[in-house]
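Notes to accompany the following structure.
Just so it is clear: chains get the letters A, B, ... in the order the sequence lines come, proteins before strands, and each one is counted from 1.
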Number of protein chains: 2
Amino acid sequence: MKLEFQIEGGRMPTRPPAEIGISLSEVDTPALLIDLNVFEGNLRKMAAAAAKHSIGLRPHAKTHKCPIIAMRQIALGAVGVCCQKVSEAEAMVYGGVSNVLISNEIVGFSKLRRFAALARIAKVAICADDAGNIADINQAAVEFDVEIPVYVELNVGANRCGVEAGEPVLHLARSISSSSNLHFAGLQAYQGKAQHIRDYKERGSAIDAAVDKINHTIDMLQSDNIVCPVISGAGTGTYEFEAHSKVYTELQVGSYIFMDADYALNLDEKGERVSEFGHSLFIYSTVMSKPHSDRAVLDVGLKALSVDSGMPTVVGYPALNYVRAADEHGTLEISHTDCPIAIGDKIRLIPGHCDPTVNLHDWYIGIRDDRVEAIWPISARGALL
Amino acid sequence: MKLEFQIEGGRMPTRPPAEIGISLSEVDTPALLIDLNVFEGNLRKMAAAAAKHSIGLRPHAKTHKCPIIAMRQIALGAVGVCCQKVSEAEAMVYGGVSNVLISNEIVGFSKLRRFAALARIAKVAICADDAGNIADINQAAVEFDVEIPVYVELNVGANRCGVEAGEPVLHLARSISSSSNLHFAGLQAYQGKAQHIRDYKERGSAIDAAVDKINHTIDMLQSDNIVCPVISGAGTGTYEFEAHSKVYTELQVGSYIFMDADYALNLDEKGERVSEFGHSLFIYSTVMSKPHSDRAVLDVGLKALSVDSGMPTVVGYPALNYVRAADEHGTLEISHTDCPIAIGDKIRLIPGHCDPTVNLHDWYIGIRDDRVEAIWPISARGALL
């Protein structure tokens, strides 16, 4: 595990902001808190939903980057996890996860060799959307004498990676099947753009359109006698639609375990905010300055939370709005001057976007009944390669 | 240095994306590159500017989080560095820096004890804007039997932390002076909001207004026989004005070493873009997918760069625009279909905002003449406490 880099390079390991057994109010800040009761409820609800629909559950580990959480998802029935990066997959495998789909294209021999080497000790699969890349994956697989399942990424409307439905998929599936050390495993069909469509029907329509593209593609593959065993996709915003589709075989949901502030703005069938999963992830912060009756400053800014999907929500103080994030400061506007807030007070924030926020922290502090019960390393934090 | 957390907790240290001696094109991605020639030119230019104006240079280490860079700044004449967090200051001191100003309020005994303990082995100072906090700093100083220099943070227009000019500063300066283990060291007077005002004259006016507040405050302190030895402030966007002010005694510039894409949009006296400091920091990325003639996808998204100050700039390809950052993907729009870009190509990006981007990486890869010359650990990455 190359610990010599830590020592030789002189990097300073961070210390956790808590110890097991102390009370929440004693936790230092900024800290990334998990409310364990809510979190475990979220895990159980998604596991039950997948079981109910007899669909596979392959949660996305890019959300939590923590093998301990992955193993809990697997203990509740998940078939394995997804990752986006090879180094993320390494962290999962080294942490005990034996089944990982890299739901992403991996380019370059440095990474493909790491990936193929990982296939010697775990069941790992990969996605591709290019024939040249498929040839490279095969070359790495040959070098390490492994057999690799490859998914073709289908563009189901997100317009990011992935080839178009039908013929382009068939072309790549043939290319995979004709490679010495690869086999065609199915379709990667994640509709990322649909996840945050607020309206329920519109979200459903986006997934209907994805299903049409998948069905068209499956027909074409079948006419060429190519079996497509797995259709993997879905996110927390749309998973019910994929689960009902009878086409998808695997859910790649990630955010349900924590629930971003942004995801919680989606509306359900009745036009009300979705409430199936609770917010379990918080940034714990301290008021470090209160220079005016209408302004306070928290010790949590851009280096402790990501604001790409909007500012965080303040828990428990309706009069407080987190309005501006600087590198190490968060400015609160105080709308009622009688709001009882003082320097030293500790405040929980719900991040607008959990995934990049988690990636800023080294430790989860698990809280139950206002007491620290768990300190989990975020093993794949910074796993960029 | 608590390495047991790495081992016991099972965190996976990241491996650098390069080895010393390889060529740039062999560096894996995402990687945080420093162009060493440009970087060293930036260091020398700011050192020369400070020397010319006979003003102290105390570069902000929140930008680089790297003691190796801090020591190079000090070798060129800097009096020490600034930090924003106690854990950042620990990383600097453990890395050889003996003089650190925490240019920020530090709240809570957990951090104040760490700070006071640091004062046993290095010259460290701190800022305050509250009498209760000053009492806490003194208590920690008493516990560790150290004498702490305390700066009062003055709100010079940024409207974040800091008290108003005049009487409120006097009140806190007296409080510091009457504390058993503290002494009043001067004013922290950083005008953060002025840094990105594009127009030269407007930037100058903002600093003029700051100087008025400082002068008013110094007069009031003098009338109470309180000496104010240091006035510390300034950023890369405004440092010339502070240097000319004859009031500021110390420059806290940080970004000049790297130059954000955003800073480079400031205009100089002639109405042209500032060009004194060159871009020396880049994110190295790989094209991982090119599904359409008008779209390519890079392996660099929100987890490898911060987009809070805008999208990154693509180097060397006028036809490419980085238009969207997802967690692990960056979407490029290709405006000319004859743009010669293919899967596997490696592209440099200039981050919109360097400080939070650096905080996402564990390693700087220093490049000279297209060859890796340095791999520097970003020791204070994730130093949140």
Side-chain angles (χ1 to χ4, degrees), chain A residues 1-3 5-6 9-15 17 28 30 62 84-85 87 90-91 94-95 104-105 107-108 110-111 129-130 132-133 155 160-163 192 286 288-289 291 297 302-304 306-308 325-329 331 343-344 355-356 359-360 362 377 379-380 382-385, chain B residues 1-3 5-6 9-15 17 28 30 62 84-85 87 90-91 94-95 104-105 107-108 110-111 129-130 132-133 155 160-163 192 286 288-289 291 297 302-304 306-308 325-329 331 343-344 355-356 359-360 362 377 379-380 382-385:
Chain A
M1 306 254 294
K2 297 266 176 192
L3 266 168
F5 282 119
Q6 297 284 339
R11 286 179 60 221
M12 191 178 73
T14 59
R15 284 182 261 173
D28 205 358
K62 83 185 184 75
Q84 294 289 72
K85 300 281 185 176
S87 52
E90 287 172 337
Y94 299 169
N104 205 3
E105 287 67 28
V107 170
S110 167
K111 294 187 185 81
D129 69 358
D130 175 75
N133 184 226
N155 178 14
R160 201 165 61 187
C161 302
V163 295
T286 299
M288 56 184 275
S289 177
V297 183
L302 295 170
K303 292 181 186 172
S306 187
V307 301
D308 64 277
D327 287 350
E328 294 87 3
H329 299 85
T331 300
I343 290 175
D355 295 19
N359 189 50
L360 294 166
D362 289 323
S379 305
L384 295 173
L385 299 180
Chain B
M1 303 246 304
K2 298 266 172 189
L3 265 166
F5 281 119
Q6 298 283 339
R11 287 178 61 219
M12 191 179 73
T14 59
R15 284 182 261 174
D28 205 357
K62 83 187 185 75
Q84 294 288 72
K85 301 279 186 177
S87 52
E90 287 172 337
Y94 299 170
N104 205 3
E105 287 68 29
V107 170
S110 167
K111 295 189 184 81
D129 69 356
D130 176 73
N133 185 226
N155 178 14
R160 203 166 59 188
C161 302
V163 294
T286 299
M288 56 183 276
S289 177
V297 183
L302 296 170
K303 292 181 187 173
S306 186
V307 300
D308 64 276
D327 287 349
E328 295 88 4
H329 300 83
T331 301
I343 290 175
D355 295 19
N359 188 50
L360 294 166
D362 289 322
S379 306
L384 294 173
L385 300 181

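- Of all heavy-atom pairs spanning L384(B) and P30(A), the tightest one is O-CD, 3.1 Å.
- Residue E328(B) touches chain A through both its backbone and its side chain, counting heavy-atom pairs closer than 4.5 Å.
- Heavy atoms closer than 4.5 Å to chain A are found nowhere in V163(B), neither backbone nor side chain.
- Remark: the backbone N or O of P17(A) is not paired with any side-chain donor or acceptor of D28(A) at under 3.5 angstrom.
- With sequence neighbours left out, D327(A) forms a salt bridge (Lys or Arg N to Asp or Glu O under 4.0 Å) with K62(B).
- Between K303(B) and L360(B), every side-chain heavy-atom pair lies at or beyond the 4.5 Å cut-off.
- Interface residue N155(B): only side-chain heavy atoms are found under 4.5 Å from chain A.
- Heavy atoms closer than 4.5 Å to chain A are found in the side chain of D129(B), but not in its backbone.
- Heavy atoms of S306(B) lying under 4.5 Å from chain A are absent altogether.
- Between chain A and the residues T286(B), N133(B), V307(B), I343(B), the largest count of heavy-atom pairs under 4.5 Å involves I343(B).
- E90(A) has a carboxylate O that lies under 4.0 Å from a charged side-chain N of R15(B), or vice versa, which qualifies the two as a salt bridge.
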